Amino acid sequence: MDFLRLKDRKIIIFGVANRKSVAFHIARTLQEAGAQLLFSVLGDEAEKAVTKYFPGCPVYQCDVSDEEQLRNLAATAGTAHQPIYGLVHSIAFANYSAGIQPFHLTRKKDFLRAMEISCFSFIQLAGLFQPHMDADGAMVTISISTTRMAAESYGYMAPIKAALDSSICFLAKSLSGKSRIRVNGVGAALLKTSSSAGIPGYIEPYLFAEKATLRKAALKTEEVADVAAFLLSPRAGGINAQTVVVDAGMATNFFDREIVAKAVRED
Ligand code: NAD
């Protein structure tokens with residue numbers, strides 16, 4: 001049964017870097033559902049990976065922080081493949097080269113660069129691709145499960161994801177003036193990808209998060225991808241302007257019995 005009703009619909013996917021990428025798994029799920037995929041990636045390595053894993057699918061290259069490249073992409077890919085039914089934005093960048101820094105010492109240059117690539121690019125892509133999209137289409141971005149948990153290692157990216165969450169609402173509203181395009185996000189908890197491997201000291205919070213889920217098992221990237229595919233599909237027609245949290249219940253488990261016992265146990 002074609003539950004998702006995405007068969008033969010064209011979907012453009014931003015953010016595949018390798019087989020671990022959230023975008024890679026979204027693409028796999030969408031491919032299984034029979035969608036026609038096209039990709040925009042950053043750099044030759046990513047293009048090679050997409051060509052290898054999704055042979056025959058058109059692949060474009062675009063640095064989303066470069067306005068001219070963005071416009072060229074919309075003019076070429078947008079025009080060649082319209083009407084595009086879905087757009088997936090699975091892109092983020094933060095410069096963590098200085099290691100874990102106190103939040104109040106965040107460098108302006110780093111913050112603004114991360115904002116440009118991780119948040120503003122979604123706003124720009126929405127504006128540039130909307131004219132090439134099906135009026136009943138959908139856009140999805142990947143956010144984080146909570147922007148109010150002040151994890152020191154994640155640092156300034158959380159406020160940027162908060163801006164992304166808010167942008168989802170504003171885009172849903174502003175696109176509704178011209179179309180019925182829905183805009184949603186998946187608020188994912190900790191995963192194992194190349195991006196997260198670049199977050200200083202990531203492994204310990206990741207292992208902790210595994211224990212803090214209600215099921216005591218790590219969140220799988222495929223589980224995030226499945227929700228992204230659902231939000232893109234007409235089956236989610238009634239969901240708009242939302243960030244759907246996918247965290248295997250972690251947010252409700254602050255007082256996990258085992259974790260509390262370990263924390264208060266006297267050595
Ligand atoms: P990833 O490194 O596989 O994907 C990030 C992508 O962003 C890469 O494909 C990279 O090429 C792209 N990118 C960075 N700068 C770019 C630029 N200037 N122009 C174009 N593309 C650019 O890592 P991922 O974990 O799959 O990240 C995808 C999304 O998932 C991000 O928004 C990330 O914040 C989010 N997310 C990840 C986790 C996690 O634990 N990994 C958790 C929650 C949310």
Side-chain angles (χ1 to χ4, degrees), residues 12-28 39-50 53 59-70 72-73 77 87-96 110 112-122 124-125 139-147 149 151 153-165 167-168 185-210 213 218-225 227-228 243-248 250-251:
I12 184 162
I13 300 179
F14 293 82
V16 176
N18 51 52
R19 285 188 66 180
K20 290 187 178 156
S21 298
V22 174
F24 172 89
H25 289 278
I26 296 173
R28 272 277 186 262
F39 294 85
S40 175
V41 297
L42 181 68
D44 295 339
E45 282 303 306
E47 180 169 346
K48 264 190 230 155
V50 169
Y53 296 116
V59 193
Y60 297 84
Q61 284 201 28
C62 176
D63 178 340
V64 297
S65 66
D66 183 322
E67 183 112 25
E68 200 182 322
Q69 288 187 35
L70 274 174
N72 282 341
L73 178 75
L87 184 151
V88 175
H89 174 273
S90 184
I91 288 177
F93 173 80
N95 176 13
Y96 287 121
D110 290 341
L112 295 182
R113 178 84 177 142
M115 182 66 96
E116 179 182 34
I117 295 174
S118 315
C119 175
F120 190 66
S121 65
F122 187 46
Q124 274 191 307
L125 283 175
M139 300 183 184
V140 167
T141 186
I142 310 299
S143 187
I144 56 172
S145 57
T146 166
T147 57
M149 183 68 74
S153 54
Y154 199 58
Y156 62 86
M157 272 306 280
I160 288 166
K161 290 294 192 183
L164 181 67
D165 286 346
S167 303
I168 288 168
V186 183
L190 290 79
L191 303 166
K192 246 192 223 163
T193 70
S194 313
S195 276
S196 54
I199 298 171
Y202 185 76
I203 190 70
E204 287 187 347
Y206 174 80
L207 294 171
F208 172 79
E210 187 170 356
T213 61
L219 185 65
K220 295 187 196 124
T221 309
E222 292 88 328
E223 292 170 318
V224 173
V227 177
T243 299
V244 176
V245 171
V246 180
D247 71 350
M250 186 173 73

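Remember, it's 1-based here, ligands and their atoms both numbered in the order they're listed. Computed from a predicted structure; not experimentally measured.
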Compare every heavy atom of A114 with every heavy atom of A94, then report the nearest pair and how far apart it is. CA-CB, 4.3 Å
I need the contact type for S143 against ligand 1. Using non-hydrogen atoms and a strict under-4.0 Å cut-off, is it side chain, backbone, both or neither? backbone
Does ligand 1 come near enough to D63 that some N or O of the ligand is less than 3.5 Å from an N or O of the residue? yes
When only distance counts, is L42 in polar contact with ligand 1, meaning an N/O pair under 3.5 Å? no
With a 6.0 Å cut-off on ring centres, are F122 and H89 close enough? yes
Which heavy atom of the protein is the closest neighbour of atom 3 (O) of ligand 1, given with residue, atom name and distance? S21 OG, 2.6 Å
Going by the atom numbers of ligand 1, which of them fall below 4.0 Å from some non-hydrogen atom of I144? 43 (C), 44 (C)
Heavy-atom pair with the smallest gap, counting every atom of A92 and I117: C-CG2, 4.4 Å
At a 4.0 Å cut-off, with the gap strictly under it, does some heavy atom of S90 reach an atom of ligand 1? yes
Compare L191, V224, L190, I91 and give the one whose heavy atom is closest to atom 38 (C) of ligand 1. L191
Nitrogen or oxygen atoms of A188 and ligand 1 under 3.5 Å apart: no
Determine the minimum heavy-atom distance between R19 and F24, stating which atoms define it. O-CD2, 3.3 Å
Heavy-atom closest pair (Y53 atom, R28 atom, distance to 0.1 Å) is O-NH1, 3.4 Å
Who's the nearest protein heavy-atom neighbour of atom 4 (O) of ligand 1, and how far? G15 O, 3.6 Å
Tell me, which protein residue and heavy-atom name are nearest atom 20 (C) of ligand 1, and how many Å apart are they? C62 O, 3.4 Å
Check F39 against ligand 1 and report side chain, backbone, both or neither, counting heavy atoms closer than 4.0 Å. neither
Could you pull out, from I117, V22, L164, I13, the option with a heavy atom nearest to atom 15 (N) of ligand 1? I117
Can you tell me which residue and heavy atom of the protein come closest to atom 36 (N) of ligand 1, and the distance to 0.1 Å? I142 CG2, 4.0 Å
Polar atom proximity, Y202 to ligand 1 (N or O, under 3.5 Å): yes
Examine the side chains of N18 and E45 and answer whether a donor and an acceptor come within less than 3.5 Å of each other. no
How about atom 43 (C) of ligand 1: does it have a protein heavy atom within less than 4.0 Å? yes
Could you list the atoms of ligand 1 found under 4.0 angstrom from a heavy atom of V16? 9 (O)
Just need the protein heavy atom nearest to atom 23 (O) of ligand 1, so name the residue and atom and give the distance. S195 OG, 2.8 Å
Closest protein heavy atom to atom 41 (N) of ligand 1, given as residue, atom name and distance to 0.1 Å: T193 OG1, 3.0 Å
Would you tell me whether Q124 and E67 have side-chain atoms, one donor and one acceptor, within less than 3.5 Å of each other? yes
Report the nearest protein non-hydrogen atom to atom 19 (N) of ligand 1: residue, atom name, distance rounded to 0.1 Å. V64 N, 2.9 Å
Tell me whether A189 reaches ligand 1 (any heavy atom closer than 4.0 angstrom to a ligand atom). yes
With a 4.0 Å cut-off on heavy atoms, is K161 touching ligand 1? yes
For atom 31 (C) of ligand 1, closest protein heavy-atom neighbour: A92 CB, 3.5 Å
